Amino acid sequence: MNCCGWWQRQEGQRNRVVLDLKLIRDNLDPVQATLNLRGGGYDLQPIVALSQQQRQLEQERSLLQARSNDIGKQVGQQMKSGAKPDDLAVIALKDEGNQIKAQLADLEPREKELKAQIEAILLTLPNLPDASTPVGKSEDENVEVRRWGDEFIPQNPDILPHDEIGVKLGILNFERSVKIAQSRFVTLIGAGAALERSLIQFMLDQHIQAGFVEVLPPILINSASLTASGQLPKFAEESFKCDRDDLWLTPTAEVPITSLYRDDILSDADLPIYHCAFTPCFRREAGSYGRDTRGLIRLHQFNKVEMFKFVRPERSMDELESLTQQAESILQALKLPYRVIALCTGDLGFSAAKTYDLEVWLPTQGKYREISSCSNCGDFQARRANIRFKEAGKKGTQFLHTLNGSGLAIGRTMAAILENYQQPDDTIQIPDVLQPYLGRETL
RNA sequence: GGAGAGGUGGCCGAGUGGUUGAAGGCGCAGCACUGGAAAUGCUGUUUAGGGGUAACUUUAACGAGGGUUCGAAUCCCUCCCUCUCCGCCA
(Lines give C-alpha, C1' and ligand atoms only; values in the text may rest on other atoms or scores of the structure.)
Protein backbone atom coordinates (compact mmCIF):
# COMPACT_ATOMS: atom_id res chain seq x y z
CA MET A 1 0.00 0.00 0.00
CA ASN A 2 2.83 2.34 0.81
CA CYS A 3 4.08 2.07 -2.73
CA CYS A 4 1.04 3.86 -3.99
CA GLY A 5 1.29 7.05 -2.03
CA TRP A 6 -2.44 7.67 -2.12
CA TRP A 7 -2.30 9.81 1.00
CA GLN A 8 0.14 12.32 -0.36
CA ARG A 9 -2.32 14.74 -1.86
CA GLN A 10 -5.05 14.79 0.70
CA GLU A 11 -4.36 18.24 2.01
CA GLY A 12 -7.26 19.80 0.16
CA GLN A 13 -9.62 17.83 2.31
CA ARG A 14 -11.07 19.02 5.56
CA ASN A 15 -10.75 16.48 8.32
CA ARG A 16 -13.24 13.82 7.47
CA VAL A 17 -15.29 12.40 10.28
CA VAL A 18 -15.97 8.98 8.80
CA LEU A 19 -17.68 6.89 11.46
CA ASP A 20 -19.09 9.46 13.79
CA LEU A 21 -16.49 9.92 16.51
CA LYS A 22 -19.09 11.28 18.90
CA LEU A 23 -21.26 8.24 18.29
CA ILE A 24 -18.32 6.00 19.10
CA ARG A 25 -17.45 7.96 22.22
CA ASP A 26 -20.97 8.08 23.57
CA ASN A 27 -22.05 4.57 22.59
CA LEU A 28 -18.85 2.61 22.64
CA ASP A 29 -20.32 -0.77 23.54
CA PRO A 30 -23.25 -0.86 21.11
CA VAL A 31 -21.12 0.46 18.27
CA GLN A 32 -18.39 -2.05 19.00
CA ALA A 33 -20.96 -4.83 19.13
CA THR A 34 -22.43 -3.78 15.80
CA LEU A 35 -19.00 -3.61 14.23
CA ASN A 36 -18.20 -7.07 15.57
CA LEU A 37 -21.05 -8.48 13.47
CA ARG A 38 -18.81 -8.01 10.45
CA GLY A 39 -15.99 -10.01 11.95
CA GLY A 40 -12.53 -8.70 11.23
CA GLY A 41 -11.58 -7.84 14.77
CA TYR A 42 -12.05 -4.08 14.73
CA ASP A 43 -11.22 -2.51 18.08
CA LEU A 44 -12.57 0.92 18.94
CA GLN A 45 -10.83 1.19 22.30
CA PRO A 46 -7.64 2.85 20.98
CA ILE A 47 -9.65 5.52 19.19
CA VAL A 48 -11.56 6.42 22.31
CA ALA A 49 -8.32 6.73 24.26
CA LEU A 50 -6.64 8.84 21.58
CA SER A 51 -9.71 11.01 21.30
CA GLN A 52 -9.67 11.59 25.02
CA GLN A 53 -6.08 12.84 24.89
CA GLN A 54 -6.75 14.92 21.83
CA ARG A 55 -9.66 16.75 23.41
CA GLN A 56 -7.59 17.42 26.50
CA LEU A 57 -4.90 19.04 24.37
CA GLU A 58 -7.46 20.92 22.34
CA GLN A 59 -8.85 22.53 25.44
CA GLU A 60 -5.42 23.62 26.62
CA ARG A 61 -4.64 24.98 23.20
CA SER A 62 -7.91 26.89 22.97
CA LEU A 63 -7.25 28.60 26.27
CA LEU A 64 -3.76 29.63 25.21
CA GLN A 65 -4.98 30.93 21.90
CA ALA A 66 -7.73 32.89 23.59
CA ARG A 67 -5.15 34.59 25.78
CA SER A 68 -2.93 35.17 22.77
CA ASN A 69 -5.76 36.79 20.87
CA ASP A 70 -6.42 38.97 23.86
CA ILE A 71 -2.80 40.11 24.02
CA GLY A 72 -2.85 40.93 20.34
CA LYS A 73 -5.89 43.11 20.84
CA GLN A 74 -4.41 44.88 23.81
CA VAL A 75 -1.20 45.70 21.97
CA GLY A 76 -3.25 46.98 19.09
CA GLN A 77 -5.26 49.25 21.34
CA GLN A 78 -2.19 50.62 23.06
CA MET A 79 -0.44 51.35 19.79
CA LYS A 80 -3.55 53.09 18.55
CA SER A 81 -3.73 55.29 21.62
CA GLY A 82 -0.16 56.40 21.07
CA ALA A 83 2.02 53.93 22.90
CA LYS A 84 5.52 53.39 21.53
CA PRO A 85 6.68 49.88 20.57
CA ASP A 86 9.31 50.04 23.33
CA ASP A 87 6.97 51.09 26.12
CA LEU A 88 7.33 48.79 29.08
CA ALA A 89 3.69 47.76 29.05
CA VAL A 90 3.91 46.83 25.40
CA ILE A 91 7.10 44.89 25.89
CA ALA A 92 5.56 42.94 28.76
CA LEU A 93 2.64 41.95 26.57
CA LYS A 94 4.92 40.94 23.76
CA ASP A 95 6.93 38.80 26.15
CA GLU A 96 3.83 37.01 27.29
CA GLY A 97 2.80 36.56 23.69
CA ASN A 98 6.15 34.96 22.97
CA GLN A 99 5.80 32.65 25.92
CA ILE A 100 2.43 31.49 24.69
CA LYS A 101 3.86 30.97 21.27
CA ALA A 102 6.48 28.68 22.74
CA GLN A 103 3.84 26.70 24.60
CA LEU A 104 1.72 26.38 21.50
CA ALA A 105 4.72 25.23 19.52
CA ASP A 106 4.88 22.32 21.91
CA LEU A 107 1.16 21.60 22.08
CA GLU A 108 0.12 21.96 18.50
CA PRO A 109 2.22 19.24 16.91
CA ARG A 110 1.15 16.81 19.61
CA GLU A 111 -2.51 17.50 18.99
CA LYS A 112 -2.04 17.31 15.25
CA GLU A 113 -0.32 13.99 15.56
CA LEU A 114 -3.18 12.63 17.65
CA LYS A 115 -5.74 13.87 15.18
CA ALA A 116 -3.86 12.25 12.33
CA GLN A 117 -3.71 8.96 14.21
CA ILE A 118 -7.43 9.04 14.95
CA GLU A 119 -8.24 9.92 11.37
CA ALA A 120 -6.03 7.15 10.03
CA ILE A 121 -7.74 4.55 12.18
CA LEU A 122 -11.22 5.87 11.43
CA LEU A 123 -10.58 5.62 7.71
CA THR A 124 -9.97 1.91 8.07
CA LEU A 125 -13.25 1.22 9.87
CA PRO A 126 -16.08 -0.12 7.73
CA ASN A 127 -19.66 1.06 7.91
CA LEU A 128 -21.93 -0.26 10.63
CA PRO A 129 -24.37 -2.88 9.34
CA ASP A 130 -27.98 -1.82 9.44
CA ALA A 131 -30.21 -3.55 11.96
CA SER A 132 -32.10 -5.21 9.11
CA THR A 133 -28.99 -6.81 7.66
CA PRO A 134 -29.03 -10.53 8.49
CA VAL A 135 -26.34 -11.57 10.93
CA GLY A 136 -23.82 -14.07 9.60
CA LYS A 137 -20.16 -14.84 9.29
CA SER A 138 -19.70 -15.46 5.57
CA GLU A 139 -21.50 -15.58 2.26
CA ASP A 140 -22.86 -18.97 3.29
CA GLU A 141 -25.21 -17.15 5.61
CA ASN A 142 -26.59 -14.72 3.05
CA VAL A 143 -30.36 -14.87 2.81
CA GLU A 144 -32.29 -15.48 -0.39
CA VAL A 145 -35.13 -12.98 -0.50
CA ARG A 146 -36.93 -13.94 -3.71
CA ARG A 147 -36.55 -15.54 -7.11
CA TRP A 148 -37.88 -14.50 -10.45
CA GLY A 149 -38.18 -16.16 -13.84
CA ASP A 150 -37.85 -19.86 -13.02
CA GLU A 151 -40.00 -20.49 -16.07
CA PHE A 152 -37.30 -18.95 -18.27
CA ILE A 153 -34.54 -21.31 -17.13
CA PRO A 154 -33.50 -23.15 -20.29
CA GLN A 155 -33.74 -26.92 -20.19
CA ASN A 156 -31.34 -27.57 -23.07
CA PRO A 157 -28.53 -29.76 -21.65
CA ASP A 158 -26.13 -28.98 -24.49
CA ILE A 159 -25.68 -25.30 -23.83
CA LEU A 160 -22.10 -24.16 -24.32
CA PRO A 161 -20.46 -21.89 -21.78
CA HIS A 162 -20.84 -18.28 -22.84
CA ASP A 163 -17.16 -17.85 -23.66
CA GLU A 164 -17.14 -20.93 -25.86
CA ILE A 165 -20.20 -19.95 -27.83
CA GLY A 166 -18.92 -16.39 -28.03
CA VAL A 167 -15.63 -17.51 -29.51
CA LYS A 168 -17.41 -19.93 -31.82
CA LEU A 169 -19.63 -17.11 -33.09
CA GLY A 170 -16.58 -14.88 -33.52
CA ILE A 171 -17.95 -12.14 -31.29
CA LEU A 172 -15.59 -12.60 -28.32
CA ASN A 173 -11.85 -12.89 -28.54
CA PHE A 174 -9.76 -13.61 -25.51
CA GLU A 175 -6.52 -14.77 -27.12
CA ARG A 176 -5.96 -11.58 -29.02
CA SER A 177 -6.79 -9.59 -25.92
CA VAL A 178 -3.84 -11.19 -24.16
CA LYS A 179 -1.69 -9.95 -27.02
CA ILE A 180 -3.13 -6.46 -26.72
CA ALA A 181 -3.18 -6.33 -22.93
CA GLN A 182 -3.10 -9.34 -20.59
CA SER A 183 -5.23 -12.19 -19.47
CA ARG A 184 -8.61 -11.18 -18.03
CA PHE A 185 -9.33 -8.84 -20.92
CA VAL A 186 -11.72 -9.33 -23.79
CA THR A 187 -12.16 -7.88 -27.24
CA LEU A 188 -15.67 -7.74 -28.61
CA ILE A 189 -16.00 -8.08 -32.34
CA GLY A 190 -18.78 -7.36 -34.77
CA ALA A 191 -22.16 -8.28 -33.33
CA GLY A 192 -20.53 -8.78 -29.93
CA ALA A 193 -19.48 -5.17 -29.80
CA ALA A 194 -22.90 -4.11 -31.04
CA LEU A 195 -24.65 -6.22 -28.44
CA GLU A 196 -22.56 -4.68 -25.66
CA ARG A 197 -23.39 -1.23 -26.97
CA SER A 198 -27.08 -2.12 -27.25
CA LEU A 199 -27.18 -3.33 -23.67
CA ILE A 200 -25.61 -0.11 -22.44
CA GLN A 201 -28.02 2.01 -24.41
CA PHE A 202 -31.02 -0.05 -23.37
CA MET A 203 -30.19 0.09 -19.68
CA LEU A 204 -29.46 3.79 -19.69
CA ASP A 205 -32.74 4.45 -21.47
CA GLN A 206 -34.60 2.46 -18.84
CA HIS A 207 -33.02 4.36 -15.97
CA ILE A 208 -33.42 7.75 -17.56
CA GLN A 209 -37.06 6.97 -18.05
CA ALA A 210 -37.29 6.09 -14.36
CA GLY A 211 -35.96 9.52 -13.44
CA PHE A 212 -32.22 8.96 -13.21
CA VAL A 213 -30.12 11.76 -14.68
CA GLU A 214 -27.30 10.41 -16.78
CA VAL A 215 -23.75 11.47 -16.07
CA LEU A 216 -20.58 10.55 -17.90
CA PRO A 217 -17.87 11.16 -15.33
CA PRO A 218 -14.09 11.12 -15.54
CA ILE A 219 -12.73 7.61 -15.47
CA LEU A 220 -9.36 8.66 -14.13
CA ILE A 221 -10.02 9.78 -10.60
CA ASN A 222 -7.92 11.09 -7.75
CA SER A 223 -7.19 9.62 -4.35
CA ALA A 224 -9.58 11.92 -2.55
CA SER A 225 -12.45 10.54 -4.60
CA LEU A 226 -11.51 6.96 -3.83
CA THR A 227 -11.20 7.79 -0.14
CA ALA A 228 -14.59 9.49 -0.16
CA SER A 229 -16.47 6.44 -1.36
CA GLY A 230 -14.49 4.02 0.80
CA GLN A 231 -12.09 2.30 -1.63
CA LEU A 232 -9.09 3.92 0.05
CA PRO A 233 -7.15 3.41 2.21
CA LYS A 234 -8.04 -0.25 2.65
CA PHE A 235 -8.36 -1.40 -0.92
CA ALA A 236 -5.48 0.24 -2.71
CA GLU A 237 -4.41 -3.18 -3.98
CA GLU A 238 -7.64 -3.57 -5.89
CA SER A 239 -7.33 -0.53 -8.18
CA PHE A 240 -5.09 0.38 -11.06
CA LYS A 241 -2.98 3.47 -10.43
CA CYS A 242 -1.28 5.97 -12.70
CA ASP A 243 1.59 6.60 -10.38
CA ARG A 244 2.93 9.85 -11.77
CA ASP A 245 -0.36 11.67 -11.47
CA ASP A 246 -2.25 10.64 -8.35
CA LEU A 247 -4.90 9.29 -10.67
CA TRP A 248 -6.53 5.91 -10.59
CA LEU A 249 -8.67 4.00 -13.08
CA THR A 250 -12.16 4.00 -11.65
CA PRO A 251 -13.24 0.64 -10.24
CA THR A 252 -16.90 1.67 -10.48
CA ALA A 253 -18.88 4.77 -11.39
CA GLU A 254 -19.96 4.89 -7.77
CA VAL A 255 -16.65 6.57 -7.00
CA PRO A 256 -16.76 9.57 -9.33
CA ILE A 257 -20.48 10.05 -8.75
CA THR A 258 -20.04 10.19 -4.97
CA SER A 259 -17.48 12.92 -5.45
CA LEU A 260 -19.74 14.88 -7.79
CA TYR A 261 -21.07 16.57 -4.68
CA ARG A 262 -18.06 16.24 -2.40
CA ASP A 263 -17.87 19.08 0.16
CA ASP A 264 -21.23 20.42 -0.99
CA ILE A 265 -24.11 21.59 1.15
CA LEU A 266 -27.25 20.83 -0.81
CA SER A 267 -30.69 22.20 -0.15
CA ASP A 268 -33.32 19.71 0.97
CA ALA A 269 -35.33 20.76 -2.07
CA ASP A 270 -32.57 19.24 -4.22
CA LEU A 271 -33.16 15.78 -2.79
CA PRO A 272 -33.48 13.10 -3.84
CA ILE A 273 -30.88 13.18 -6.61
CA TYR A 274 -30.85 10.15 -8.91
CA HIS A 275 -27.98 9.55 -11.30
CA CYS A 276 -27.11 6.81 -13.69
CA ALA A 277 -23.86 6.39 -15.55
CA PHE A 278 -22.19 4.15 -18.04
CA THR A 279 -18.47 3.68 -17.44
CA PRO A 280 -15.82 1.12 -18.01
CA CYS A 281 -14.61 -0.26 -14.66
CA PHE A 282 -11.13 -1.44 -13.82
CA ARG A 283 -10.17 -3.91 -11.12
CA ARG A 284 -6.90 -5.60 -10.43
CA GLU A 285 -8.63 -8.69 -9.03
CA ALA A 286 -5.71 -9.21 -6.70
CA GLY A 287 -6.25 -12.37 -4.71
CA SER A 288 -8.67 -13.96 -7.14
CA TYR A 289 -6.09 -16.03 -8.98
CA GLY A 290 -7.69 -19.06 -10.50
CA ARG A 291 -11.26 -17.87 -9.95
CA ASP A 292 -13.40 -17.39 -13.04
CA THR A 293 -10.36 -17.43 -15.27
CA ARG A 294 -12.47 -18.00 -18.34
CA GLY A 295 -15.08 -15.86 -19.95
CA LEU A 296 -16.63 -12.54 -19.15
CA ILE A 297 -17.30 -13.03 -15.46
CA ARG A 298 -14.14 -11.60 -13.96
CA LEU A 299 -12.15 -9.18 -16.11
CA HIS A 300 -9.72 -6.39 -15.34
CA GLN A 301 -11.82 -4.11 -17.51
CA PHE A 302 -15.57 -4.35 -17.85
CA ASN A 303 -18.47 -2.11 -18.65
CA LYS A 304 -21.17 -1.26 -16.19
CA VAL A 305 -24.23 0.91 -15.97
CA GLU A 306 -24.51 2.25 -12.45
CA MET A 307 -27.34 3.85 -10.54
CA PHE A 308 -26.76 6.23 -7.67
CA LYS A 309 -29.00 8.05 -5.24
CA PHE A 310 -28.46 10.92 -2.83
CA VAL A 311 -31.39 10.93 -0.41
CA ARG A 312 -32.68 12.17 2.91
CA PRO A 313 -31.65 9.85 5.75
CA GLU A 314 -35.13 8.74 6.71
CA ARG A 315 -35.85 7.72 3.12
CA SER A 316 -32.81 5.60 2.41
CA MET A 317 -34.21 2.19 3.31
CA ASP A 318 -37.23 2.69 1.07
CA GLU A 319 -34.94 4.00 -1.62
CA LEU A 320 -32.86 0.83 -1.37
CA GLU A 321 -35.95 -1.25 -2.09
CA SER A 322 -36.87 0.81 -5.13
CA LEU A 323 -33.27 0.88 -6.33
CA THR A 324 -33.15 -2.90 -6.17
CA GLN A 325 -36.43 -3.10 -8.02
CA GLN A 326 -35.09 -0.81 -10.69
CA ALA A 327 -32.13 -3.15 -11.20
CA GLU A 328 -34.50 -6.12 -11.21
CA SER A 329 -36.64 -4.48 -13.85
CA ILE A 330 -33.74 -4.72 -16.29
CA LEU A 331 -33.38 -8.46 -15.74
CA GLN A 332 -37.13 -8.85 -16.02
CA ALA A 333 -37.23 -6.91 -19.27
CA LEU A 334 -34.47 -9.15 -20.60
CA LYS A 335 -36.31 -12.20 -19.23
CA LEU A 336 -33.24 -13.45 -17.41
CA PRO A 337 -33.92 -15.64 -14.36
CA TYR A 338 -32.44 -14.27 -11.17
CA ARG A 339 -32.67 -14.25 -7.43
CA VAL A 340 -32.27 -11.53 -4.82
CA ILE A 341 -29.89 -12.11 -1.94
CA ALA A 342 -29.64 -10.08 1.25
CA LEU A 343 -25.99 -10.04 2.18
CA CYS A 344 -25.27 -10.97 5.77
CA THR A 345 -23.13 -8.84 8.09
CA GLY A 346 -20.03 -10.92 7.43
CA ASP A 347 -20.26 -10.54 3.65
CA LEU A 348 -21.21 -6.88 3.52
CA GLY A 349 -19.00 -4.50 1.54
CA PHE A 350 -16.87 -1.95 3.35
CA SER A 351 -19.12 1.09 2.81
CA ALA A 352 -22.49 -0.62 2.92
CA ALA A 353 -25.00 -0.77 5.76
CA LYS A 354 -27.28 -3.05 3.82
CA THR A 355 -26.90 -4.77 0.46
CA TYR A 356 -29.02 -6.80 -1.91
CA ASP A 357 -27.16 -8.74 -4.55
CA LEU A 358 -28.94 -9.71 -7.74
CA GLU A 359 -27.74 -13.02 -9.10
CA VAL A 360 -28.51 -14.13 -12.62
CA TRP A 361 -28.88 -17.74 -13.64
CA LEU A 362 -25.94 -19.13 -15.62
CA PRO A 363 -27.07 -22.53 -16.98
CA THR A 364 -23.62 -23.90 -17.73
CA GLN A 365 -22.44 -23.19 -14.22
CA GLY A 366 -25.68 -24.45 -12.78
CA LYS A 367 -25.83 -21.56 -10.41
CA TYR A 368 -26.75 -17.97 -9.88
CA ARG A 369 -23.95 -15.40 -10.29
CA GLU A 370 -23.82 -11.84 -9.07
CA ILE A 371 -24.84 -9.34 -11.73
CA SER A 372 -25.80 -6.39 -9.56
CA SER A 373 -25.15 -5.19 -6.06
CA CYS A 374 -27.48 -2.60 -4.56
CA SER A 375 -26.32 -0.95 -1.35
CA ASN A 376 -27.50 1.58 1.14
CA CYS A 377 -24.36 3.22 2.49
CA GLY A 378 -26.24 5.34 5.00
CA ASP A 379 -24.24 8.42 5.87
CA PHE A 380 -20.92 6.58 5.65
CA GLN A 381 -19.86 7.90 2.27
CA ALA A 382 -21.51 11.25 2.90
CA ARG A 383 -19.28 11.67 5.94
CA ARG A 384 -16.14 10.71 4.09
CA ALA A 385 -17.13 12.88 1.14
CA ASN A 386 -18.53 15.61 3.36
CA ILE A 387 -21.84 15.87 1.52
CA ARG A 388 -24.52 17.53 3.60
CA PHE A 389 -27.89 19.10 3.08
CA LYS A 390 -29.64 21.96 4.77
CA GLU A 391 -33.26 21.87 5.65
CA ALA A 392 -35.11 25.08 4.85
CA GLY A 393 -35.88 26.95 8.06
CA LYS A 394 -33.77 24.62 10.20
CA LYS A 395 -30.44 25.35 11.76
CA GLY A 396 -27.35 23.43 10.81
CA THR A 397 -26.69 20.73 8.28
CA GLN A 398 -26.98 16.98 8.19
CA PHE A 399 -25.25 14.29 6.23
CA LEU A 400 -27.39 12.80 3.52
CA HIS A 401 -27.50 9.11 2.63
CA THR A 402 -26.06 7.53 -0.49
CA LEU A 403 -27.09 4.40 -2.36
CA ASN A 404 -25.58 2.71 -5.33
CA GLY A 405 -26.51 -0.23 -7.46
CA SER A 406 -25.40 -1.81 -10.69
CA GLY A 407 -28.00 -1.65 -13.33
CA LEU A 408 -26.34 -3.85 -14.58
CA ALA A 409 -22.85 -5.22 -15.13
CA ILE A 410 -22.80 -5.39 -18.93
CA GLY A 411 -20.32 -8.23 -19.45
CA ARG A 412 -22.14 -10.53 -17.08
CA THR A 413 -25.43 -9.63 -18.74
CA MET A 414 -23.88 -10.54 -22.05
CA ALA A 415 -22.74 -13.85 -20.58
CA ALA A 416 -26.22 -14.54 -19.24
CA ILE A 417 -27.79 -13.81 -22.62
CA LEU A 418 -25.28 -15.96 -24.49
CA GLU A 419 -26.23 -18.89 -22.27
CA ASN A 420 -29.88 -18.44 -21.43
CA TYR A 421 -30.82 -17.49 -24.99
CA GLN A 422 -28.66 -20.11 -26.68
CA GLN A 423 -30.57 -22.20 -29.22
CA PRO A 424 -29.97 -25.87 -30.11
CA ASP A 425 -28.43 -24.79 -33.42
CA ASP A 426 -25.81 -22.69 -31.56
CA THR A 427 -27.42 -19.40 -32.47
CA ILE A 428 -28.43 -16.81 -29.90
CA GLN A 429 -31.93 -15.47 -29.77
CA ILE A 430 -31.87 -11.75 -28.98
CA PRO A 431 -34.20 -10.69 -26.15
CA ASP A 432 -37.22 -8.86 -27.51
CA VAL A 433 -36.44 -5.56 -25.84
CA LEU A 434 -32.95 -5.51 -27.34
CA GLN A 435 -33.96 -6.24 -30.90
CA PRO A 436 -34.76 -2.62 -31.75
CA TYR A 437 -31.37 -1.60 -30.38
CA LEU A 438 -29.40 -4.29 -32.15
CA GLY A 439 -31.45 -4.37 -35.33
CA ARG A 440 -31.55 -8.15 -35.49
CA GLU A 441 -33.32 -11.09 -33.87
CA THR A 442 -30.56 -13.66 -33.65
CA LEU A 443 -26.80 -13.95 -33.53
C1' G B 1 4.80 23.01 -22.72
C1' G B 2 5.84 28.94 -22.82
C1' A B 3 3.97 34.06 -21.17
C1' G B 4 0.61 36.82 -18.19
C1' A B 5 -3.71 37.58 -14.67
C1' G B 6 -6.31 35.85 -10.62
C1' G B 7 -8.40 32.70 -6.37
C1' U B 8 -12.35 36.67 -0.22
C1' G B 9 -19.11 34.58 2.75
C1' G B 10 -25.11 31.57 -1.45
C1' C B 11 -23.56 35.30 -5.42
C1' C B 12 -21.19 40.14 -6.84
C1' G B 13 -17.46 42.91 -4.63
C1' A B 14 -14.23 46.07 -0.95
C1' G B 15 -10.26 45.34 1.95
C1' U B 16 -1.91 45.71 1.77
C1' G B 17 -0.44 44.42 9.48
C1' G B 18 -4.12 45.95 14.85
C1' U B 19 -11.77 44.72 18.28
C1' U B 20 -12.23 42.22 10.12
C1' G B 21 -15.92 36.36 10.68
C1' A B 22 -14.66 40.02 7.34
C1' A B 23 -17.48 47.14 4.41
C1' G B 24 -21.12 47.72 0.55
C1' G B 25 -24.58 45.47 -2.76
C1' C B 26 -27.62 41.31 -4.45
C1' G B 27 -30.16 37.14 -2.84
C1' C B 28 -32.71 34.73 1.22
C1' A B 29 -35.68 34.66 6.05
C1' G B 30 -38.55 37.27 9.79
C1' C B 31 -41.03 41.74 11.29
C1' A B 32 -43.37 46.55 10.11
C1' C B 33 -46.26 49.15 6.42
C1' U B 34 -50.69 47.21 2.77
C1' G B 35 -57.30 45.02 1.57
C1' G B 36 -53.39 41.93 -0.81
C1' A B 37 -48.88 42.73 -3.36
C1' A B 38 -44.89 45.82 -5.21
C1' A B 39 -41.82 49.54 -3.34
C1' U B 40 -39.77 51.01 1.38
C1' G B 41 -37.86 50.47 6.44
C1' C B 42 -35.91 47.47 10.48
C1' U B 43 -33.73 42.87 12.06
C1' G B 44 -31.34 38.54 10.91
C1' U B 45 -28.63 35.41 7.46
C1' U B 46 -21.24 30.56 7.08
C1' U B 47 -19.20 26.10 8.64
C1' A B 48 -16.59 22.90 11.86
C1' G B 49 -14.19 21.34 16.66
C1' G B 50 -14.05 21.78 22.19
C1' G B 51 -16.68 22.94 27.03
C1' G B 52 -21.94 23.34 28.99
C1' U B 53 -28.63 20.12 30.44
C1' A B 54 -29.23 24.88 28.42
C1' A B 55 -28.77 30.09 27.69
C1' C B 56 -24.03 30.52 26.35
C1' U B 57 -18.83 30.35 25.66
C1' U B 58 -14.19 29.41 23.23
C1' U B 59 -11.05 28.00 19.08
C1' A B 60 -10.35 27.50 13.85
C1' A B 61 -11.35 28.78 8.64
C1' C B 62 -10.49 34.71 3.27
C1' G B 63 -7.64 28.18 -2.54
C1' A B 64 -4.02 24.51 0.48
C1' G B 65 0.39 23.97 3.44
C1' G B 66 4.39 26.40 5.87
C1' G B 67 7.07 31.04 7.58
C1' U B 68 7.71 36.30 9.68
C1' U B 69 5.03 39.04 13.86
C1' C B 70 2.59 40.36 20.32
C1' G B 71 -0.99 40.40 16.11
C1' A B 72 -1.83 38.24 9.00
C1' A B 73 -7.38 38.20 4.33
C1' U B 74 -3.27 41.73 4.18
C1' C B 75 4.13 40.51 4.10
C1' C B 76 7.50 35.97 2.53
C1' C B 77 8.06 30.68 0.59
C1' U B 78 5.97 26.14 -1.60
C1' C B 79 1.96 23.73 -3.84
C1' C B 80 -3.02 23.40 -6.12
C1' C B 81 -6.74 25.40 -9.12
C1' U B 82 -9.13 28.95 -12.60
C1' C B 83 -8.89 32.48 -16.66
C1' U B 84 -6.38 34.92 -21.14
C1' C B 85 -2.68 34.62 -25.13
C1' C B 86 0.92 31.39 -27.82
C1' G B 87 2.32 26.28 -29.01
C1' C B 88 0.40 21.21 -29.48
C1' C B 89 -3.79 18.12 -30.07
C1' A B 90 -9.09 14.62 -30.55
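Note on naming: letters A, B, ... go to the chains in the order of the sequence lines (proteins, then strands), and numbering restarts at 1 for each one. None of these values were measured; they are calculated from a predicted model.
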Once you round it to whole Å, what is the distance between [atom2] of [N] and [atom1] of [X]?
X       : N       : atom1 : atom2 : answer
K80(A)  : rU20(B) : NZ    : C1'   : 11 Å
L64(A)  : rG50(B) : CG    : P     : 19 Å
I100(A) : rU58(B) : CD1   : P     : 16 Å
D263(A) : rG63(B) : CG    : P     : 16 Å
D264(A) : rU46(B) : CG    : P     : 19 Å
R61(A)  : rA48(B) : CZ    : P     : 17 Å
E119(A) : rG49(B) : CD    : P     : 13 Å
K390(A) : rC28(B) : NZ    : C1'   : 12 Å

dist L336(A):CG -> R412(A):CZ (nearest 0.5 Å) comes out at 14.0 Å
Could you work out the separation of [N] and [M] based on their [atom1] atoms and round it to a whole Å?
N       : M       : atom1 : result
rA23(B) : rG6(B)  : P     : 24 Å
rC77(B) : rG27(B) : P     : 41 Å
rC11(B) : rG63(B) : P     : 13 Å
rA72(B) : rC33(B) : P     : 48 Å
rA54(B) : rG66(B) : P     : 32 Å
rA5(B)  : rC89(B) : P     : 28 Å
rC76(B) : rG7(B)  : P     : 14 Å
rU19(B) : rG25(B) : C1'   : 25 Å

Is the gap between the ring centers of H300(A) and F185(A) under 6.0 Å?
yes
Tell me whether [X] is salt-bridged to [Y], with the criterion being a basic N under 4.0 Å from an acidic carboxylate O.
X       : Y       : answer
D292(A) : R298(A) : yes
E237(A) : R284(A) : yes
D26(A)  : K22(A)  : no
E285(A) : R184(A) : no
K73(A)  : D70(A)  : no

Return the polar atom pairs (N/O with N/O) between nucleotides 51-53 of chain B and the protein under 3.5 Å, or none.
residue, atom, partner, partner atom, Å
rG51(B), OP1, R55(A), NH1, 2.7

Using Watson-Crick or G-U wobble geometry with both distances under 3.5 Å, which nucleotide pairs with [N]?
N       : result
rC81(B) : rG6(B)
rC31(B) : rG41(B)
rC89(B) : none
rA72(B) : none
rG24(B) : rC12(B)

Have a look at S375(A) and tell me which of T355(A), N127(A), T402(A) forms a side chain to side chain donor-acceptor pair (under 3.5 Å) with it.
T355(A)
Please verify the inter-ring angle class for F350(A) with F380(A); under 30° counts as parallel, over 60° as perpendicular, anything in between as tilted.
perpendicular
By nearest nucleotide on RNA chain B, pick out whichever of L63(A) and T397(A) is the more 5' one.
T397(A)
Set of residues satisfying side-chain hydrogen bond (donor to acceptor under 3.5 Å, both in side chains) with respect to T413(A), sequence neighbours excluded:
none
What's touching nucleotides 68-70 of chain B from the protein side, N or O pairs under 3.5 Å?
residue, atom, partner, partner atom, Å
rC70(B), OP2, N98(A), OD1, 3.3

Determine the contact category for Q65(A): base if any of its heavy atoms lies under 4.0 Å from a base atom, sugar-phosphate if only primed atoms, P, OP1 or OP2 are that close, otherwise nothing.
sugar-phosphate
Under 4.0 angstrom between R388(A) side-chain N/O and rA48(B) OP1 or OP2
yes
With a 4.0 Å cutoff (strictly under), does any side-chain N or O of K22(A) reach OP1 or OP2 of rG50(B)?
yes
So, do L438(A) and F202(A) sit near enough that their side-chain heavy atoms are less than 4.5 Å apart?
no
